[in-house]
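In what follows, a structure is listed as C-alpha cells, so that the remarks can point back to it.
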Amino acid sequence: GTLNVSAPPAVTNDHFPNAATVSGTTWSVTGSTLHATGEFAEPLPGYSASNLTTLWWKWTAPDNGLYRITTAGSQVDTALAVYTGASVSALTSAGFHDANTTGGAGTVILRAVSGTTYFFQVDQQGHAEEGATVMLTMSPWSAPANDTFSTPVILSGSTACIHGTLRGATAESGEPVPLNNNVNNGRSVWYSWTANATGRLLLE
C-alpha cells in the first residue's frame, strides 16, 4: 500500500513574525488554535505551564491612552499576554492574564504609548489537541481620576475617611510593587496627605 503523509493546514498568525495586524481603537478578531504551535524561545503567557498553542496579533497605538484587551467570547479558557519588542526572544511584558488560574477569559488593561507596537499572544488552556476558536477584542478604557502618582486625591486634616474604586485602575511603568503583588497585573490608586503635626499615623 501507499502511505500518504501531508502537513496540517498552516495557521497564518501562528508565530511571532507572522502576527496578524489590527488597527484602530475598537476592534474584535477571531482565530483557531487548531494546528497552532509554539516556537523556539517563545515566552509562556502567564504563571502556569502553557500549551504553547499560540496565536499572535500586533497593533500600533494611534495615541496615548488606556485600552482593555480581552479574550471574552472564546470557546475555551485562555492566557493572554501583551509585549513590546522586535523578536520573540527579546520581548518585554506589558501585562498578562492567565485564565488558567482564574478561569474564563484573559483580560489586560494596557496603558498604550502613541506609536508603540504591541504584540498580543493568545494561548488556549486545556485540550490543546482539539483546537478551539479564540476571540480577541480591544476597546478604550477609563481609569479612576487618581490612577497615577501625579494625580492623587488630596487628603487633609488629622482624620479622614474616603471611598474609592480600583475598577479600571492600572500600574504605571516603574511603579513599586506593594507587598507580593505582581507588577504586570497591578492595580493602584493614589492619595496624598501632608502631616499637620508630629505623631503616629494609623492607616486602615
Side-chain angles (χ1 to χ4, degrees), residues 7-71 74 76-101 105-126 128-129 131-139 141 170-177 181-186:
V11 181
T12 56
N13 60 331
D14 184 18
H15 291 167
F16 176 85
N18 300 323
T21 300
V22 288
S23 60
T25 58
T26 303
W27 46 260
S28 183
V29 292
T30 59
S32 174
T33 60
L34 186 63
H35 305 310
T37 62
E39 57 190 304
F40 179 75
E42 181 174 348
L44 298 178
Y47 294 114
S48 61
S50 168
N51 291 314
L52 280 184
T53 52
T54 50
L55 301 176
W56 290 87
W57 285 268
K58 64 181 179 181
W59 171 76
T60 300
D63 53 24
N64 296 332
L66 286 175
Y67 294 91
R68 179 177 184 264
I69 304 99
T70 180
T71 58
S74 298
V76 290
D77 290 353
T78 57
L80 167 65
V82 184
Y83 306 96
T84 58
S87 70
V88 74
S89 60
L91 295 174
T92 299
S93 175
F96 69 86
H97 180 189
D98 184 355
N100 193 47
T101 62
T107 301
V108 172
I109 304 299
L110 173 67
R111 185 178 295 278
V113 176
S114 179
T116 300
T117 297
Y118 297 91
F119 293 87
F120 308 120
Q121 178 195 35
V122 178
D123 188 24
Q124 174 182 332
Q125 300 291 291
E129 69 281 0
T133 297
V134 295
M135 178 178 290
L136 186 66
T137 301
M138 170 180 277
S139 57
W141 188 251
T170 66
E172 298 175 80
S173 176
E175 182 176 329
V177 184
N181 292 344
N182 184 281
V183 68
N184 290 320
N185 284 340

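To the nearest 0.5 Å, atoms OG1 (Thr116) and CZ (Arg111) are separated by 13.5 Å. Annotation: the span from Lys58 atom NZ to Asn18 atom CG amounts to 9.0 Å, rounded to 0.5 Å. The CD atom of Gln124 sits 9.5 Å away from atom CG of Asp77, with the distance rounded to the nearest 0.5 Å. To the nearest 0.5 Å, the span separating CE on Met135 from OG1 on Thr30 amounts to 6.0 Å. Atom OG1 of Thr107 and atom CH2 of Trp141 lie 8.5 Å apart (nearest 0.5 Å). Rounding to the nearest 0.5 Å gives a distance of 6.0 Å between CG of Leu110 and CE of Met138.
Leu55 places a side-chain heavy atom less than 4.5 Å from the side chain of Thr33. Looking at heavy atoms from C-beta onward, Val134 lies out of side-chain contact with Thr71 at the 4.5 angstrom threshold. Side-chain contact between Leu136 and Trp27 is present, with at least one heavy-atom pair separated by less than 4.5 Å. The side-chain heavy atoms of Phe120 and Val29, taken from C-beta on, include no pair separated by under 4.5 Å. Looking at Pro43 and Val88, their side chains come closer than 4.5 Å, going by heavy atoms from C-beta outward. For the pair Leu80 and Phe96, the minimum side-chain heavy-atom distance is 4.5 Å or more. Looking at heavy atoms from C-beta onward, Asp14 lies out of side-chain contact with Glu39 at the 4.5 angstrom threshold.
Side-chain atoms of Trp59 never come within 3.5 Å of backbone atoms of Thr25 as a donor-acceptor pair (strictly under, hydrogens ignored).
Closest heavy-atom contact between Ala61 and Ala112: CB-CB, 3.8 Å. Residues Phe119 and Ala19 approach most closely at CD2-CB, 4.1 Å, considering heavy atoms. Closest heavy-atom contact between Pro45 and Ala79: O-CB, 3.1 Å.
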Open item on the list: Val122 vs Trp57, test: side-chain contact (heavy atoms from CB on, under 4.5 Å). Steps then yes/no.
Closed with: CA-CA 9 Å; Val122 178; Trp57 285 268; 3.9 Å; yes
- [ ] Apply side-chain contact (heavy atoms from CB on, under 4.5 Å) to Tyr118 and Ile69, showing your working.
- [x] CA-CA 11 Å; Tyr118 297 91; Ile69 304 99; over 6 Å; no
- [ ] For side-chain contact (heavy atoms from CB on, under 4.5 Å), just list the numbers for Thr54 and Glu42, CA-CA rounded to whole Å, side-chain angles, deciding distance to a tenth of an Å, and then say yes or no.
- [x] CA-CA 10 Å; Thr54 50; Glu42 181 174 348; 2.6 Å; yes
Open item on the list: Applying side chain to side chain donor-acceptor pair (under 3.5 Å) to Thr117 and Thr60, what does each step give before you reach the verdict?
Closed with: CA-CA 4 Å; Thr117 297; Thr60 300; 2.8 Å; yes
Open item on the list: Could you walk me through whether Thr78 and Asp123 satisfy the side chain to side chain donor-acceptor pair (under 3.5 Å) test, starting with their C-alpha distance in whole Å, then the side-chain angles of each, then the deciding distance to 0.1 Å, before giving a yes or no?
Closed with: CA-CA 6 Å; Thr78 57; Asp123 188 24; over 6 Å; no
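Using bins of under 30°, 30° to 60° and over 60° for the plane-to-plane angle, the ring pair Trp56/Tyr83 lands in the tilted bin.
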